[in-house]
Structure formats: C-alpha cells, structure tokens
Colleague: 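Have a look at this one before I ask anything.
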Amino acid sequence: MKIYLKIWRQKNKDTKGQLEDHTLDNVSAEMSFLEMLDMLNLKLAKSGERPVEFDHDCREGICGQCGVMINGIAHGPLKNTTTCQLHMRSFKDGDTIYIEPFKAKAFPVIRDLKVDRTGFDDIIAAGGYVSVNTGQAPEANSIPVTHNEAEAAFDSAACIGCGACVATCKNASAALFTSAKISQFTHLPQGKKESAKRTVDMVNRMEELDFGHCTNTEACQIECPQDISVLNIAKMNFEYNKAKLKK
Amino acid sequence: MTKEIHANIPEGDLKDKWSNYKAKAKLVNPNNRKKLEVIVVGTGLAGASAAASLAEMGYKVKSFCFQDSPRRAHSVAAQGGVNAMKNYKNDGDSVFRMFYDTLKGGDFRSREANTYRLAECSASLIDQAVAQGVPFGREYSGYLRNRSFGGVQVSRTFYARGQTGQQLLLGSYQALMRQKETGQVKLYARHEMLDLVTIDGKAKGIIARNLDTGEIERHGAHAVILATGGFGKIYYLSTLAMGCNASAIWRAHKKGALMANPSWTQIHPTSLPQSGEYQSKLTLMSESLRNDGRIWVPQDKNETRKPKDIPEEERDYYLERKYPAFGNLAPRDIASRSAKEQIDAGKGIGALKNAVYLDFSHAIKEYGQDVIEERYGNLFTMYEKITGINAYKEPMKISPSAHFSMGGLWVDYDLMTTTPGLFAIGEANFSDHGANRLGANSLLQACVDGYYIAPYTLQNYLADEIQVAKTDVNHPAFDEAEKQVKSQLEKFVNLKGNKTAEEFHRELGKILYDKCGLSRSEDGLKKAITDIQNLREEFHENLLVPGDVEDINSELEKAGRVSDYFELAELMCIDALRREESCGAHFREEFQTEEGEAMRNDAEYSYSAAWEWSGQASEPILNKEPLKFEYVKPTQRNYK
Ligand SMILES: Cc1cc2nc3c(=O)[nH]c(=O)nc-3n(C[C@H](O)[C@H](O)[C@H](O)COP(=O)(O)OP(=O)(O)OC[C@H]3O[C@@H](n4cnc5c(N)ncnc54)[C@H](O)[C@@H]3O)c2cc1C
Ligand code: FES
C-alpha cells in the first residue's frame, strides 16, 4: 500500500507545532500502526532527519503508553483498540492519515506525538488506593466478594490510563479515568471506610489540575480501548454528592 | 582470580530458615529510618512493592522507571495468573509441594532455601493483593477462584481475567502513589539508569538520564535496589515491551556484580507467530489457554485443508501423545521444544509454516462458548485484533517466543549481589526459577521479593549504615561515572554511520534465537560468538544515531541498550557453551536422552554459573556456586 501521512511535529511545549507531509510505499496490511511509524522513522533516520518521537512500550494494548489521534480519533478508527493494536489492514492503498498527539491543556506536548500525562498519576496519588500497608492484610478468603461484584470491580479496574478519554472529550475532562478508579472500590468491601474521603480528594485533585468539567457528552467511552463505561461517572457523581452531604 | 561467593543461607531445617533469618536479622529503629535513603530502580511488581513497603516502614525512597508512569512497567502485561499456596481447592497442595514443583520445574538448578521461601511467602501475597482491592476471579460463593497452570497437578493459580499482571501491578502502583503523596517516595519517571556508582566497593548511587531533556543526573543513597525486569528483548522478537533492557544490571555487572546463568531464557510456547520482516514484537497468548485448548499439527506435512476439515485421526495432538500425564499442560520448555520439533519436521502451519494449532473447538463443545468467553474473552479479542481471525470459529495459530530471563544478577539469600549495598529483585535476579520457570511463578517472585524479602534483608544491611553520612554526589566516583556515561552517549551520536540501533538489534536477535535459543550446540554457539563479535565491531563503527545527546532522543536510548545487549549476548553464548549438559530451557543437542529429552549432568554441572566481568566482553571469569540438595533428590524430570 501507499500511504500519505500528515504528521504532527513539535519541538517542545513552548513552541508551535505543525503537520508535516510524508509518503510511505510498500506498507503491508499485516503491519501494526506503530510498525508503520517505525518504517517512517527508519526512513527519516537514514535520510538524516529527526525521527518522530512517539510513545509506546508493550505494543499489546495493556500498558497504556501509546496513543495518538488518528484522523481526529483517539487511537484511530477501530472500536476499543489502542494505537499499538491497530493494524494497517484498517486502511487502504492511497489513504491519507492525519496523526496528531493527544491534545489537552493537562497533557502538554513533550515533543512531536509524546505528551505528559503525569496528571493521571497525581489523581491516583490523591486517593486511588486502599490504605493498607504491607503486612496488615487479613486472610484473603475472610473478605468474600460475590462473583458479580468482583467482575463489576474488574470492569472499572481494567482502565489502562492511556488518556484517550481526555483527548476525546471536548472539555478535556478526566472524569472517566477518575470515576473508574472510584467505582472499582465501591464494588468491594476493602477500603469502604475511606470511600468518602477518596472520592472527594480525587475529584478535587482532578479539578485542581488542568482537566475540564464533564458535560456528559459520553464521547469518552466510545474511544476507550477498554470500553470503560460512562456509568462510572454517574457513580462518581453519586458518591461525591453522598460524601458532601455527610460532611 | 575467581571471587569467593557465599549464598549466606541461614542455619536450621529448610522450613525454619526464613523464620530463623527474620528472628535474627538486624533492625533499624524507626527514628533512624528517615535518615536512610534507598534508590529503587524499576516500578514493576518487584520495584513498586519494595519501594512502597520500604516507604511505609519510614525509609526515604527514590523510585525510577523509564516509562512515563510507574503503572506501565512490563509486569502490566502478565495475563495468566499468580501462584500461591493456599490449598483452597483441598487438592493436596502444601508449601513443600509448591517448593518441590518449582525446584523440579527448574530442573534442579536453583537453591533449595530460596525456592522454599518463595513457596512459604506465597500465601501472604494473595492476602495483601486482596486487601489492596485487586479484583481476582471469584466463585459464586464469594470465595477466591483458582485454575491450574503448566507443570503442576494442583490448582494454585489466582487470576484476574486475563489481566492478572495489570491488576497486581495497579495494586502495588497505588501503594507507591500513596507513599509519593506523603513525600516518602520521590518519583523519577522517564529516567533511565545508565550507571551504578560505587564508593569503596559499596553501592552508593546511580547516574540516570532524564529522557525528556537528555540531562544527566546524579542520585546518591545508602543502598540501591535494581528491580529492572527481564532482558528477553535481547532476542529482538520477544513478548517483552520495546523498552525492556539489560542496561541497569549489565552496567552494575561491569561495576563488579556477578551475572548468573545468563543463557537460561524461557521460550514461551504460546505466542503469536511472526508474520513479516517488519515485525517488532510477538504477542503472548497466555499459557492458561492450554487449560482448555488442545495443541496439534496435521500429520501430513503437505496438508493444505482448513483445520476444521482435517479429521481427528489425521491430527497429531503431540503433547497429549508424548506426555499423557500432563498433556497440553506440560512445562513450557518441553511444550516449546516439542513445537519446534514439529515445525522443524515441516509440519508447521500457516503461511510461513512456523506455527502450530491451539484448538478450542472441543472445549466450546463441552462447556459452551459463553464459559470459554468468560475465561479467556479478552485473549480471544486480542487475538482477533492482531490477526483478524475469530478463534471461537477456527483454531489459534501459535509459536514459541523468547519470554523470560531465568538468569540475571547473582544474589545471595538476602537478594544482595556481590557488591555490598546493591540488591537485585524480581526478574532482574537469577534466584528462584533454576533452568526453567513455572508459569505464574514470576509475578509471585517479583511480589514476594518486593513485599516480603527485600524489606527485611535490606534493613539487615542498613542497620550497619546508620552512622554513615548521606552520600555526597560530588564524590569523585560520581564525577568519573558521569564522565563515562556522557562520553559513551557522545560517541554514539558522533559515529554517524548508516545503520540504526534497531537494525543491529534485529540482526543480533536473529543470531541469538537461532544459535542460543530453543536448542544449542557447540558448533552453533561458537559460530554465534564470532558473529556477535563481528556485528559488535560493526556497531561501534557504523551506528547511526540521529539527534542530540542533550535532548529527548529515542534513538539514542536504543543505542545504549543495544550496545549492552551486544556484550551480554556474547556472555550468554559463552555460558551456554560452557555448560555441557541439558537442563530445563538450556537444551544442548549433544546432551539428550534417546527419546530426545534433556539430559542433565549432576556430577559436573550442579552449580550456578556466576560470571565476573574481566574488563573484556570475550573473557569473562567463571565462578561457581555449587547447588546442594539436602531435602530433595534431583531426579530426571518426568512429565509422561
Ligand atoms: C507478556 C508476558 C506475560 C507474562 N505472564 C505472566 C503470568 O501470567 N504469570 C507470571 O507469574 N508471570 C508472567 N510473566 C512474567 C512476569 O510478568 C515478569 O517476570 C514480572 O512481572 C517481572 O516483574 P519485575 O518487577 O521484575 O519487572 P518489570 O515489571 O519488567 O519492571 C521493570 C521496571 O524496571 C524499569 N527499568 C528497567 N530498566 C531500567 C533502567 N535502565 N532505568 C530505569 N528503570 C528501568 C522499568 O521502567 C520498569 O519499571 C509474563 C511476562 C510477559 C512478558
Ligand atoms: S504500547 Fe502499551 S498499550 Fe499500546
């Protein structure tokens, strides 16, 4: 296949970026999207140009490190698929592909397609855990959790922290990410005791950082590689209000 | 001159050793802990759990990883499960049995005391993970669920769908972030350790590169823990992440720490086959699939029919045929080698004839698709995303792929290397898996090392460092290390050759996979050594690294990693060459039984090879740690 690329280049967060044109011949349908970028980078390197910086690590859809906007869609055209799992069979000969970084105020560009998602770590640090030290745990089966509750907790816990939800949201809200962690714990007896504090602290942290407000457009779930449900957001709002009332 | 190496195994009966150790280990008073600084490199299960646990105890911790967040360490990719001795199934499990399975799985090439401790501490890990909110699979009663994994006959594997590693890692990552919030941990993501700094023979800090800016930084501490994971990526095509590397342990090795059994690499039997030259990684399909999937190849090597059109009697379920007792659940080394046998005999399937079938049609018939979907749904989805094939309808195509490094830094019972103050935990060390790791035992090992062992043994070391002042990063040892690191980086950029690090890496990986992979021979290894030396020479003359040193530069990161791989690759071949026996994953063609099984030579090779850096990659010095078996009698492994 012949593929035309319009790819974002930006030196750092303080400079302006622009799209750059490149053409690749002999792209194979079996290639992954990132392998196509590898191909471009090899070509750039050989011709004395700077390769495009992009983030990736596991290349199997679980670490959450990859992620770019592909033709304006976070992680590209396939539903529930990370950039690294997208394959070139989703495109056809002669296609033009626009590749841009995840854009959000809270995700400043580091270079080209790489962005800084430290904000997500900060939200977790505010309360996304059960406060149990090593050694304090009781016997595992003394905390029964029904099959369905465990599965529901898992559904929320499956978030890979890639940031597609923020990049997709017109408000750049981190509500889906934050709510997934909050609801994971609402399904489990562990950590119930700190539920109210967790919710308030995490929501406050999200607002202190440069993430926007959720206006329920629900675009985030559609782009989420893990199909994390927007119902988590409703759950978070409920928990938040409940916590505020208690105060 | 060879080094004296002591495993420092505590006195007492096998089952009392760890308790005896803990009872006598030195402690540090809580007030003194805050004066002591510890560097933990790595935020996988081993690193995150150690960093969090040490911080909870009151130590000052600095935590490093090369990814943009600690949550992305490659532990995240583990799918199948984590073993622990809970005997919830009442199926005859015990600490001794788990210890024995692990030792036997490792083909009697690991230390009894360490392996026993792994089994002994396993139950606590499940308690800890559950308390953290890890959503393990549950029975309808609400109790924890188990499944079985290769190489054992009990069900001791706990799992969270096909994302066990992710869920366990998030548990320890969250514990780490909780400590970051208190200020007890300082986090350095997107930082790569490029050298170890030793002062008067003791580990005192590291040189790290800020990958966003290219800045070289000095970090001092009272002790350094390396939890930098496995180096299977050395084969280029592997199940590891793109950034996985050996650089941290290799550079520590060059500063004096010994490297043990570097050639012992587990080649996983169930990964997706390579489909083209451009390929950058091989995706693993969890071994748990072998619980319900049956592996086969057509009997006729010229077979052209679709798998479903091939009648039962014309299929060879070769694992079930050769190993009736374990069947499709034979240990990994055996399953991989058997697949290679079929592929080499021309019976491989797929366009490149490089794969075998993993078939779920029987299980779907027996349990229904919904049950299979609940067990492995995400794996089937992943398979379809990558291959475009629906595996509920036709069998998966799988093939062996480089996966896990049993070898690593040599450590004693305390998980301390031969460099005082330098500890190695998780996959970065060599300790518990012998010559072959059992499935679901390495998440466990990473966690046990980090949560339960390092916090005790490190404290035992730090107790003697209370009087020692904070490490001065202006010490000449830091100047020297920084100078070396900088000059190497500059050299890479200035070579201006015409082959990228990635291109060299592919070639190196191919040499290793062919000659130092699933099977090895004297001739092959000797040839590989010459090839590696030649390619390494070319690398140092013809490398192309675009961009600058003092800037973000992925190509430069790769260059450093590949440069270390070139040295380690040679050591792997030398290690494999010098071990004139077959054991576990190390299969020397010259040493096999009449039936083609691995033939150990206990009289001469019952030792761990602990290699010492001589200053010359081609002339490493061999030190031997003899393995003594007091509680079990090594037998020939039999899974028939
Ligand atoms: C695909 C796959 C599936 C697996 N499935 C299972 C399973 O089902 N069950 C099981 O028990 N085991 C499984 N394993 C093995 C298991 O996941 C690993 O052995 C284990 O997670 C290793 O943990 P770790 O903490 O030692 O290393 P990792 O999780 O790899 O972490 C390494 C850390 O070190 C950091 N690092 C590395 N080098 C540097 C450097 N130079 N400077 C700074 N930081 C550095 C990285 O950033 C990372 O944070 C699997 C492995 C793979 C690859
Ligand atoms: S690279 Fe890990 S999710 Fe894509």
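Please read these numbers as outputs of a predicted model, since none were measured by experiment. Because only heavy atoms are used, hydrogens play no part in the values below, and waters and symmetry mates are left out as well, while side chains stay in.
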Colleague: Going through the distances and angles, do Asp55(A) and Arg190(B) end up as a salt bridge (charged side-chain N to carboxylate O under 4.0 Å, His left out)?
Modeller: CA-CA 11 Å; Asp55(A) 251 328; Arg190(B) 282 205 207 265; 2.8 Å; yes
Colleague: Check whether Met31(A) gets within reach of chain B through its side chain, its backbone, both or neither, counting any heavy atom under 4.5 Å.
Modeller: both
Colleague: Which bit of Ile143(A) comes within less than 4.5 Å of chain B, counting heavy atoms only: side chain, backbone, both or neither?
Modeller: both
Colleague: Not counting sequence neighbours, list each pair that qualifies as a ring pair (Phe, Tyr, Trp, His ring centres under 6.0 Å) and has a residue in residues 34-64 of chain A.
Modeller: Phe54(A)-His56(A)
Colleague: Looking at Met177(B), Met57(B), Met242(B), which makes the most heavy-atom pairs under 4.5 Å with chain A?
Modeller: Met242(B)
Colleague: Kindly determine whether Ser131(A) and Arg178(B) satisfy side-chain contact (heavy atoms from CB on, under 4.5 Å), including the steps that lead there.
Modeller: CA-CA 8 Å; Ser131(A) 302; Arg178(B) 174 173 163 240; 3.6 Å; yes
Colleague: Pick one of side chain, backbone, both or neither for Asn12(A), based on which atoms fall under 4.5 Å of a heavy atom in chain B.
Modeller: neither
Colleague: Checking Val115(A) against chain B: side chain, backbone, both or neither under 4.5 Å from a heavy atom?
Modeller: backbone
Colleague: Measure distances from Gln167(B) to the heavy atoms of chain A and classify the residue's part below 4.5 Å as side chain, backbone, both or neither.
Modeller: side chain
Colleague: Sort and list the pairs that fulfil salt bridge (charged side-chain N to carboxylate O under 4.0 Å, His left out) and have at least one residue in residues 160-176 of chain B, not counting sequence neighbours.
Modeller: Glu151(A)-Arg161(B), Asp155(A)-Arg161(B)
Colleague: I'd like to know which of Ala45(A), Pro189(A), Ala153(A), Gly191(A) tops the heavy-atom pair count under 4.5 Å against chain B.
Modeller: Ala45(A)
Colleague: Roughly how far apart are Leu282(B) CG and Arg59(A) CZ, rounded to 0.5 Å?
Modeller: 12.0 Å
Colleague: May I ask you to decide if Val130(B)'s main-chain N or O and Gln190(A)'s side chain share a donor-acceptor pair within less than 3.5 Å?
Modeller: yes
Colleague: Would you say the side-chain atoms of Gln184(A) pair up with the backbone N or O of Gly133(B), donor to acceptor, closer than 3.5 Å?
Modeller: yes
Colleague: Give a yes or no on whether the backbone of Ala125(A) and the side-chain of Gln174(B) come within a donor-acceptor separation of less than 3.5 Å.
Modeller: no
Colleague: To the closest 0.5 Å, what do you measure between CG (Leu125(B)) and OG1 (Thr134(A))?
Modeller: 10.0 Å
Colleague: So which of Leu176(B), Thr500(B), Thr387(B) has the biggest tally of heavy-atom pairs under 4.5 Å with chain A?
Modeller: Thr387(B)
Colleague: Between the side chains of Lys86(B) and Glu139(A), is the shortest nitrogen-to-carboxylate-oxygen separation below 4.0 Å, so that they form an ion pair?
Modeller: yes
Colleague: Can you say whether Phe185(A) sits under 4.5 Å from chain B via the side chain, the backbone, both, or neither, judging by heavy atoms?
Modeller: side chain
Colleague: Closer than 3.5 angstrom, by distance alone: can the side chain of Arg72(B) be matched with the main-chain N or O of Gly64(A) as a donor-acceptor pair?
Modeller: yes
Colleague: Between atom OG1 of Thr81(A) and atom CE of Met382(B), what is the distance when rounded to the nearest 0.5 Å?
Modeller: 12.0 Å
Colleague: So which of Glu139(B), Glu503(B), Glu502(B) has the largest heavy-atom pair count under 4.5 angstrom toward chain A?
Modeller: Glu503(B)
Colleague: Do you know which two heavy atoms are closest between Arg50(A) and Gly547(B), and how far apart they sit?
Modeller: CD-CA, 3.5 Å
Colleague: Lys496(B), Gln179(B), Glu374(B): which one forms the most heavy-atom pairs within less than 4.5 Å of chain A?
Modeller: Glu374(B)
Colleague: What part of Ser124(B) gets closer than 4.5 Å to chain A, counting heavy atoms only: side chain, backbone, both or neither?
Modeller: neither
Colleague: Work out which heavy atom in Arg138(B) is nearest to a heavy atom in Pro144(A); give both atom names and the distance.
Modeller: NH1-CA, 3.9 Å
Colleague: Can you tell me which portion of Thr182(B) sits under 4.5 Å from chain A's heavy atoms? Options are side chain, backbone, both or neither.
Modeller: neither
Colleague: Please report the closest heavy-atom contact between Ala131(B) and Ala137(A), naming both atoms and the distance.
Modeller: CB-CB, 3.7 Å
Colleague: For the atom pair CG (Asp212(B)) and CG (Asp116(A)), what is the distance rounded to the nearest 0.5 Å?
Modeller: 7.0 Å
Colleague: Just do the side-chain contact (heavy atoms from CB on, under 4.5 Å) check on Ser280(B) and Leu34(A) with the steps written out, would you?
Modeller: CA-CA 9 Å; Ser280(B) 56; Leu34(A) 296 185; over 6 Å; no
Colleague: Can you list the steps and then say if Ser28(A) with Tyr278(B) is a side-chain contact (heavy atoms from CB on, under 4.5 Å)?
Modeller: CA-CA 9 Å; Ser28(A) 134; Tyr278(B) 47 81; 3.8 Å; yes
Colleague: Is chain A contacted by the side chain of Tyr452(B), its backbone, both, or neither, given a heavy-atom distance below 4.5 Å?
Modeller: side chain
Colleague: For the atom pair CG (Asp127(B)) and OG (Ser142(A)), what is the distance rounded to the nearest 0.5 Å?
Modeller: 7.5 Å
Colleague: With a cut-off of 6.0 Å (strictly less than), are more than 12 heavy atoms of other residues, nucleotides or ligands near NZ of Lys193(A)?
Modeller: no
Colleague: At a 4.5 Å cut-off on heavy atoms, which part of Gln65(A) comes close to chain B: side chain, backbone, both, or neither?
Modeller: both
Colleague: For Asp551(B), is it the side chain, the backbone, both or neither that has a heavy atom under 4.5 Å from a heavy atom of chain A?
Modeller: side chain
Colleague: Side chain, backbone, both or neither: which part of Thr213(B) has a heavy atom under 4.5 Å from chain A?
Modeller: neither
Colleague: Any side-chain to backbone donor/acceptor pair from Gln166(B) onto Ala158(A)? Under 3.5 Å, distance only.
Modeller: yes
Colleague: Show the nearest heavy-atom pair for residues Leu170(B) and Ala157(A), with the distance to one decimal.
Modeller: CD1-O, 3.7 Å
Colleague: Using every non-hydrogen atom in the two residues, find where Ser554(B) and Lys114(A) come nearest and quote the distance to one decimal.
Modeller: OG-NZ, 3.5 Å
Colleague: Main chain of Ala241(B), side chain of Asp57(A): is a donor-acceptor contact present, judged purely on distance under 3.5 Å?
Modeller: no
Colleague: Report the distance from atom CG of Leu187(B) to atom OG1 of Thr118(A), rounding to the nearest 0.5 Å.
Modeller: 9.0 Å
Colleague: Of the listed residues (Leu284(B), Leu144(B), Val134(B)), which shares the most heavy-atom pairs with chain A below a 4.5 Å separation?
Modeller: Leu144(B)
Colleague: Check whether Asn498(B) gets within reach of chain A through its side chain, its backbone, both or neither, counting any heavy atom under 4.5 Å.
Modeller: backbone
Colleague: Does NZ belonging to Lys79(A) count more than 12 external heavy atoms closer than 6.0 Å?
Modeller: no
Colleague: What are the two closest non-hydrogen atoms of Asp121(A) and Arg71(B), and how far apart are they?
Modeller: OD1-CD, 4.5 Å
Colleague: For chain B, which of Asp38(A), Leu42(A), Leu86(A) has the most heavy-atom pairs under 4.5 Å?
Modeller: Leu42(A)
Colleague: Relative to chain A, which segment of Leu544(B) carries a heavy atom at a distance below 4.5 Å: side chain, backbone, both, or neither?
Modeller: side chain
Colleague: Without swapping roles, check the side chain of Lys281(B) against the backbone of Glu60(A) for a donor-acceptor pair under 3.5 Å.
Modeller: no
Colleague: Pick whichever of Asp68(B), Thr283(B), Thr239(B) has the most heavy-atom pairs under 4.5 Å with chain A.
Modeller: Asp68(B)
Colleague: State plainly whether the residues Asp122(A) and Lys180(B) are in salt-bridge range, i.e. N to O under 4.0 Å.
Modeller: yes
Colleague: I'd like to know whether Gln67(B) forms a side-chain contact (heavy atoms from CB on, under 4.5 Å) with Cys63(A), so could you lay out the CA-CA distance, the side-chain angles of the two residues, the decisive distance to 0.1 Å, and finally the verdict.
Modeller: CA-CA 10 Å; Gln67(B) 290 92 347; Cys63(A) 75; over 6 Å; no
Colleague: Heavy-atom distance under 4.5 Å to chain A: side chain of Gln79(B), backbone, both or neither?
Modeller: side chain
